[in-house]
Every structure is written in structure tokens, then in C-alpha cells.
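The figures here come from the full heavy-atom set of this structure, side chains too, leaving out hydrogens, waters and symmetry mates.
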Amino acid sequence: MAKLLNVSVSNFYSFVKREKDPLKTIDANLLTFVNEVWDSNKRVYGLLKIHNEVKKNSLPWGTRKIRKAMKLLGIQGKQEKKFRIQTTDSNHSHQIAPDLLQRNFKPKSKNIVWVSDVTYLGSIEGWLYLCVILDLYSRKIVSWEISNKNDSELISNTLQKAIVNRNPGKGLIFHSDRGSNYCSEVIREQLIKNKIRRSNSRKGNCWDNSPAESFFATLKREIEFNFYLNLSDSKKYIFDFIDLFYNRQRSHSFF
């Protein structure tokens with residue numbers, strides 16, 4: 001065949017090799033789109049998030065082609081690290097509120113239900129504690145604070161910041177676990193003063209506050225760094241993730 005076509009055998013096999021290049025077997029526009037979406041979203045998006053972006057833009061690619069493009073480009077979403085310390089102290093004598101949500105996590109508008117929780121962050125100076133308040137309707141973070149102490153002052157500061165930011169109407173539900181920091185007299189008085197109803201999860205049941213738990217899983221999976229120099233250093237990265245990326249840019253699977 002080579003003699004008949006007047007080509008060398010080596011050139012023929014070079015041609016075959018080039019044609020088998022996997023990057024040439026897939027739409028170049030798909031490769032560019034996938035890479036741009038992944039890169040512009042802090043390189044944390046996996047198959048589901050990238051597929052959502054494809055659908056948003058009414059593009060013709062399905063999950064198989066997207067998965068293949070990700071594999072060829074060496075792209076994968078960040079995976080959650082399975083490690084945690086105890087942040088809830090439910091062994092206390094403070095008054096526990098009833099669970100007003102009963103796992104009904106779909107309010108009809110914003111400022112109807114806020115959920116809150118605390119997680120830990122590692123630093124050279126020791127453990128830091130991040131408290132967030134999340135609006136259950138939009139799934140956006142209303143306010144957040146970091147401290148080197150997991151106490152009622154951390155909760156109070158975060159709550160006050162949320163109240164100033166949103167100025168909620170009477171009857172807002174504030175849902176959390178039944179930890180001593182959330183059930184303290186300071187927090188109860190602050191909620192009563194602002195006409196906010198208190199709600200607590202059942203003992204040992206993390207699913208009663210799963211939206212807050214889900215946010216922390218996302219944070220620790222997708223944030224650039226999980227260990228910091230000190231409190232000030234952590235605040236810079238948390239601000240960048242929550243205020244600039246999560247609340248403004250990141251797509252939410254809830255919608």
C-alpha cells in the first residue's frame with residue numbers, strides 16, 4: 001500500500017499515531033469550555049457542577065463527553081477529607097428549644113429560616129472555630145465569624161452581624177444544634193430581643209441541621225487551604241471563599 005500510494009512506511013505510521021491522539025477525538029470547544037469553567041471556579045468543580053454549567057449555557061454535550069474531556073484534561077473536583085473534631089457540647093443544663101423545622105428545608109422566601117453551625121479550622125496557633133448563619137431559602141451565607149474559642153460570644157457576634165445585614169422581620173426561625181454555645185442565656189436573650197424564634201435539632205441527629213453541615217463539607221472540600229498561620233490569615237481565605245466565591249459565583253445544587 002505504501003508503494004502504491006508513493007509514501008514511506010514511517011510517514012504512514014506517524015499519520016496513524018497522530019490520528020489516535022485522544023485530544024483530537026473530542027470537540028475542541030468542549031475541551032476549552034470545561035477547562036475554563038473548572039479554572040474560573042477555583043478548580044473545585046466536578047462532573048455535576050460542570051454539567052450544570054453546560055446545561056445553563058444550552059450546550060449539546062452530555063455527561064459521557066464531559067467526563068471524557070475532564071479525564072483527558074486531568075481535571076477532577078476536590079474531594080471531602082474525612083476528619084472532624086467535636087464542636088457540639090450538648091451536655092449542659094441550658095433550656096433546649098423544640099425543633100420547629102422538622103427537616104422542612106424549603107421555606108418560600110428569604111429571612112424565614114436561618115440555620116447556623118460551627119466547625120473547626122486548623123492553624124499553627126491551634127484550633128480556630130468558624131460560625132456561619134445560612135439563609136435556608138437562598139442557601140447563601142448571611143454572616144460568619146471566626147474565633148479561637150467556641151463559645152456563646154462567637155455565636156452572638158455572628159448573629160448580631162446577620163441581624164444588621166438583613167434586618168429580618170418578626171418571627172424568623174433561628175435553627176441550630178443544641179450545643180451549650182447556642183442554648184446559653186446570652187443567645188436566648190439576644191433572640192428574644194430581636195423577636196427571633198429559636199429552634200434546636202434533636203440530640204445526636206446531624207440530619208436535623210444538614211444544610212449547615214453540607215456547607216461545611218463544601219467549604220473544606222473546595223477552599224484553597226485548610227490550614228492557616230493564625231486567625232488573621234484564616235479570615236482572608238474565608239472571606240475570599242464565602243463573600244467573593246460561594247455567595248456570588250458558585251452554582252448551588254439546591255436550585
Side-chain angles (χ1 to χ4, degrees), residues 80 84-121 127-147 149-220 238 242 246-247 252-255:
E80 180 181 0
R84 62 180 300 157
I85 63 171
Q86 187 68 31
T87 56
T88 302
D89 175 20
S90 57
N91 185 21
H92 57 79
S93 59
H94 299 308
Q95 181 182 352
I96 305 296
D99 182 0
L100 301 179
L101 293 190
Q102 297 294 312
R103 298 189 187 177
N104 179 12
F105 299 138
K106 295 183 179 180
K108 295 181 179 179
S109 62
K110 67 180 182 179
N111 296 333
I112 298 297
V113 180
W114 291 351
V115 297
S116 182
D117 203 355
V118 175
T119 194
Y120 63 90
L121 303 170
W127 292 115
L128 304 173
Y129 298 93
L130 168 66
C131 176
V132 302
I133 297 177
L134 180 148
D135 188 302
L136 204 51
Y137 175 74
S138 66
R139 301 300 170 102
K140 292 186 177 182
I141 302 301
V142 179
S143 68
W144 59 271
E145 287 290 338
I146 305 176
S147 173
K149 292 182 180 180
N150 183 15
D151 55 13
S152 59
E153 183 178 358
L154 171 62
I155 311 302
S156 179
N157 290 341
T158 312
L159 180 58
Q160 186 57 37
K161 185 177 176 181
I163 292 170
V164 171
N165 287 344
R166 286 290 185 92
N167 189 28
K170 179 180 177 181
L172 165 72
I173 294 175
F174 181 74
H175 183 79
S176 70
D177 60 41
R178 52 171 59 197
S180 58
N181 47 358
Y182 281 102
C183 297
S184 68
E185 184 177 351
V186 171
I187 300 303
R188 296 202 309 269
E189 291 180 352
Q190 187 175 11
L191 293 172
I192 292 172
K193 179 181 177 182
N194 289 279
K195 297 180 175 59
I196 298 174
R197 293 186 289 167
R198 187 164 65 99
S199 172
N200 292 137
S201 302
R202 290 168 294 178
K203 187 174 183 178
N205 200 322
C206 64
W207 293 106
D208 288 351
N209 200 19
S210 58
E213 296 274 357
S214 177
F215 167 76
F216 284 143
T218 298
L219 170 76
K220 294 185 178 184
I238 296 300
I242 293 179
Y246 187 85
N247 277 352
H252 296 267
S253 57
F254 169 72
F255 296 105

First locate atom [atom1] of [X], then atom [atom2] of [Y], and finally report the distance between them rounded to the nearest 0.5 Å.
X	Y	atom1	atom2	result
Ser176	Ile155	OG	CD1	7.5 Å
Cys131	Asp117	SG	CG	8.0 Å
Phe174	Ser199	CZ	OG	10.0 Å
Asn181	Glu153	CG	CD	12.0 Å
Tyr246	Leu219	OH	CG	9.5 Å
Asp135	Ile141	CG	CD1	9.5 Å

Closest approach of [X] to [Y] (non-hydrogen atoms, all atoms of both residues):
X	Y	answer
Leu134	Pro211	CD1-O, 4.3 Å
Glu145	Thr158	CB-OG1, 3.3 Å
Lys149	Tyr129	C-CD1, 3.9 Å

Are the side chains of [Y] and [X] in contact, using a 4.5 Å heavy-atom criterion?
X	Y	value
Arg166	Trp114	yes
Arg197	Leu191	no
Ile146	Leu121	yes
Ile242	Phe215	yes
Ile173	Leu101	yes

* Are the ring centres of Tyr120 and Trp127 closer than 6.0 Å? -> yes
Is it the case that the side chain of [X] and the backbone of [Y] share a donor-acceptor pair, with hydrogens and angles ignored and the cut-off at 3.5 Å?
X	Y	value
Arg178	Ser201	yes
Asn157	Gln160	no
Arg139	Leu136	yes
Asn111	Gly169	no
Asn167	Ile163	no
Ser156	Ser152	no
Thr119	Phe216	no
Asn200	Ile96	no

* Intermediate values then yes/no, side chain to side chain contact (heavy atoms under 4.5 Å, CB included), Gln95 and Arg198 -> CA-CA 11 Å; Gln95 181 182 352; Arg198 187 164 65 99; 4.0 Å; yes
* Sole residue of Leu100, Asn104, Asp99 in side-chain contact (heavy atoms from CB on, under 4.5 Å) with Gln102 -> Asp99
* To do: Might you work through the side chain to side chain contact (heavy atoms under 4.5 Å, CB included) test for Leu130 and Ile238, ending with a clear yes or no?
  => CA-CA 9 Å; Leu130 168 66; Ile238 296 300; 4.2 Å; yes
* When you look at NZ of Lys110, are more than 12 heavy atoms from neighbouring residues, nucleotides or ligands closer to it than 6.0 Å? -> no
* To do: Apply side chain to side chain contact (heavy atoms under 4.5 Å, CB included) to Ile112 and Tyr137, showing your working.
  => CA-CA 8 Å; Ile112 298 297; Tyr137 175 74; over 6 Å; no
* Asked: Between Asp208 and Arg202, is there a side-chain N and carboxylate O pair less than 4.0 Å apart?
  -> yes
